[in-house]
Amino acid sequence: MIRKAILVIAIVWNCINAANVNAQQAAATVQKPIALQHGAHRIGRRTDADMEKWRAYGLGQFIHWGLYSIPAGEWNGKQYNGASEWIKSWKEVSATAYDSLMYQFNPTKFNADSWAGTAKQMGVKYVTITTKHHDGFCLWPSKYTNFTVANSPYKKDIIGPLVKAYDKQGIDVILYFSIMDWHNPDWRYDIKTREDSIAFDRFKQFTRKQLLELLTLYPTAKGLWFDGTWDKSWVKQAAFADSLEKEMKAMHPGLIIGSRFRADEYGKRHFDSNGNMMGDYEQGWERKIPEKIEDVHGNDWDCVMTVPENQWGYGRVWKGHIKTTDELLEMLAKCVSLDGNFVLNFGPKPDGTLRTEELDLAEGIGAWMATNSEAIYNGEYAGLVKQDWGYYIKKTGSNKIYMLVFNVPVSGALKVVMQSHSAIGKAYDLGNPAQNYVPEEIGTSAWFIHLRQQTFKRPFVIVLETADNSKNSGAQYQKAKT
Ligand code: K80
């Protein structure tokens, strides 16, 4: 009888809480949305197969390669303080001297299959490759400029072989493209005069032709990753960018484009004037990771991360803190636990090989993934309160919740608080399913998993198979009166 009464109270209490949340949401959106011509195309997540696949990737690779890998952060013996791919913007570097690097671009050791093999071994499911960075140099033989690989001593296309090699490994390819182009004389930062406007109109047509060219040459690419879209000149092109996005998507059904491509007609970027995301996933998580699920507003997102503090292209000297394999794995776990993907950057050397530090990280991550990738692919937010030992990741559409453990408490007891309707059915090591745990119930929906040892060398994963607990009201645990 008492049990039943408590159950009823619990249900009523839950309903009141749910109603509160709904009321808050209603209050937040009570303002009438304004009519927008070039705002979000959709409210809420995409649900098609291409986007479902993107959502399940978990781990990705970024590649920044271009002429900047040749100076590698140094010019006339001086070290550039910024990211190496920005060296052209340094006062020490003349535009013509930089652009002449094209005549030195000759990556004789470049082997697309070798890069894709490294990525495969690392466990990545998608790769984003720079086709053209801010310097304007094209890694494909674009018909619309002479500033391409075709006119370098190397002569050959870089993008085609990469797309083919990654496709062969079952790794999806996304093409990075910088709208800002320091080489094209028609590029403007803002449009103030009639001349600017005429030049920028030419630039827009050039941009459109290059993008359609990329989609035509590399039709298996799954998406486009835009950068260099923040200047006023481009932000003022809401109508053009919107129609171009529609054109690219019509030409390439399923194409995935992030929130960094276009602004609405009021100049709002990423989120339109009504607060709705423009694009298929949030592209604002660059070198930063959300802290909690509320920070991602129910959107798809990925985090792109450098190994040193801020260095995308190859830099001969890596300054500051260099992230370790385990730090990167923790970032990966955190991203997936908050419904995102984690994308690690690589900056290949001018000869076409990957630097040893990056190869070592790829190998370390891959070795961990070989045992634990089941916890990463197809993973999502588990809806549980985060505990200090690490991160929960739920396998979409299953009753499995993974505990990715990074910090072992001195007690050796990992606390797990489940949702009220579920209990721990089974608990075992992902790397060794025979090693199972008998969780100790310590309170309403709460358990301790007692580890057998406390000296772990690497992060590890415990699998929880959840079981129905709806019959257990938790009434045996009395709440304190205060
Ligand atoms: C551009 C501008 C700033 C301020 C910071 C980074 C960037 C570019 N976006 C990254 C993904 C790299 O391509 C970097 O050069």
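When a ligand or atom number is given, it counts from 1 through the structure's own listing order.
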Colleague: Ignoring angles and geometry beyond distance, decide whether Trp312 reaches within less than 3.5 Å of ligand 1 through its nitrogen or oxygen atoms.
Modeller: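 N/O-N/O distance under 3.5 Å: no.
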Colleague: On the six-membered ring of Phe206, is Lys209 placed so that its NZ or CZ lies under 6.0 angstrom from the centre and within 45° of the ring axis?
Modeller: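 The answer is no, since Lys209 fails at least one limit relative to Phe206.
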Colleague: Are any of the protein's heavy atoms under 4.0 angstrom from atom 6 (C) of ligand 1, yes or no?
Modeller: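 So atom 6 (C) of ligand 1 has protein heavy-atom neighbours under 4.0 Å.
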Colleague: Just jot down the ligand 1 atoms closer than 4.0 angstrom to any heavy atom of Glu85, in number order.
Modeller: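 Per the distance check, 12 (C), 14 (C), 15 (O).
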Colleague: For the ring pair Phe137 and Trp182, is the centre-to-centre distance below 6.0 Å?
Modeller: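 Not close enough - the centres of the two rings lie 6.0 Å or further apart.
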Colleague: Would one find an N or O of Arg260, backbone or side chain, under 3.5 Å from an N or O of ligand 1?
Modeller: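 Among all N and O atoms of Arg260, none is under 3.5 Å from an N or O of ligand 1.
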Colleague: Could you list which atoms of ligand 1 come closer than 4.0 Å to a heavy atom of His133?
Modeller: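 Listed by number with element: 12 (C), 13 (O), 14 (C), 15 (O).
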Colleague: From the options Tyr68, Trp230, Tyr176, Trp225, select the one whose nearest heavy atom is closest to atom 1 (C) of ligand 1.
Modeller: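 Among Tyr68, Trp230, Tyr176, Trp225, the closest heavy atom to atom 1 (C) of ligand 1 comes from Trp230.
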Colleague: For atom 8 (C) of ligand 1, tell me which residue out of Asp227, Val343, Val304 has the closest non-hydrogen atom.
Modeller: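 Among Asp227, Val343, Val304, the closest heavy atom to atom 8 (C) of ligand 1 comes from Asp227.
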Colleague: Can Arg46 be said to sit on top of Trp54's aromatic six-ring, NZ or CZ under 6.0 Å from centre and within 45° of the ring axis?
Modeller: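 No; the conditions do not both hold, so Arg46 does not lie above the ring face of Trp54.
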Colleague: Provide the closest heavy-atom pair for Lys319 versus Pro308 in the form atom of the first, atom of the second, distance.
Modeller: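 Minimum heavy-atom contact is O-CB, 4.0 Å.
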Colleague: Measure the shortest side-chain to side-chain distance between Phe342 and Lys334 over non-hydrogen atoms and say whether it is less than 4.5 angstrom.
Modeller: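 Side chain of Phe342 against side chain of Lys334, heavy atoms only: no contact under 4.5 Å found.
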